[in-house]
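The first residue in the sequence is number 1, and the count goes up from there. Note that these values count all heavy atoms, side chains included, but never hydrogens, waters or copies made by symmetry. Remember, it's 1-based here, ligands and their atoms both numbered in the order they're listed.
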Amino acid sequence: MWVLICTALLFSLTERATCQNKAHPAAAPAAANTYSITFSPEKITAQTGLCAVISCTFTHPANVKPTTAIWYKCPSNGKCVQHRKLIFHSKDPSKAQEGYKQRVSLLETDLTKGNCSVIINDIREKDTGMYQFRMLEGPFTYPRKMKITVTGTA
Ligand SMILES: *[C@@H]1O[C@H](CO)[C@@H](O)[C@H](O)[C@H]1NC(C)=O
């Protein structure tokens, strides 16, 4: 019995560590002064109940000072940037959809560092889909999207 509990605990700790590590790949900064976004990796597979990290960096024209990050989860068809598709707003968390409130957070809150990575906790099957980043200053929506595929628990 104890062995079982320990194994389960160890497993979940390992998973969590793995999840944290995903935020670390050193992405080469893209050329500054233009709008660009890089996801590394470009898509991820997440497991229900665990967390998922979208590891992302972005650049922007020098005259724009990024202070507000917004993330959308795209509908299966139609555009992502719609008020009701918002899952994260760094200035006004209340704007997020019910199911995402308090589940999504930035890894780096200082957006001037060009790091748009977010962690999504307590992954659910419905989280499968494409995600898109928008910077309110500009404003500018980065056209490239991130794909998350959710699998059931092992
Ligand atoms: C983004 O910031 C987080 C937290 O500081 C860090 O762990 C991560 O490595 C950064 N990601 C990139 C791609 O620089």
For E108, the ligand 1 atoms with a heavy-atom partner under 4.0 Å come out as 2 (O), 5 (O)

Among N115, D110, L107, T38, the residue with a heavy atom nearest to atom 10 (C) of ligand 1 is N115

Atom indices of ligand 1 within 4.0 angstrom of T57 heavy atoms, with elements: 13 (C)

Using the rule side-chain hydrogen bond (donor to acceptor under 3.5 Å, both in side chains), only one of D122, D127, T128 pairs with R124; which is it? D122

Would Y131 and Y72 count as a close aromatic pair, with their ring centres under 6.0 Å? no

Under 3.5 Å, which donor-acceptor pairs do the side chains of residues 137-145 form with other protein atoms, sequence neighbours left out?
unit_1 : atom_1 : unit_2 : atom_2 : d
E137   : OE1    : T67    : N      : 2.9
E137   : OE1    : T68    : N      : 2.9
E137   : OE2    : T67    : OG1    : 2.7
E137   : OE2    : T68    : N      : 3.4
E137   : OE2    : T68    : OG1    : 2.9
T141   : OG1    : R134   : NH1    : 2.8
Y142   : OH     : T59    : O      : 2.7

side-chain hydrogen bond (donor to acceptor under 3.5 Å, both in side chains) partners of E98, counting only residues at least two apart: K101

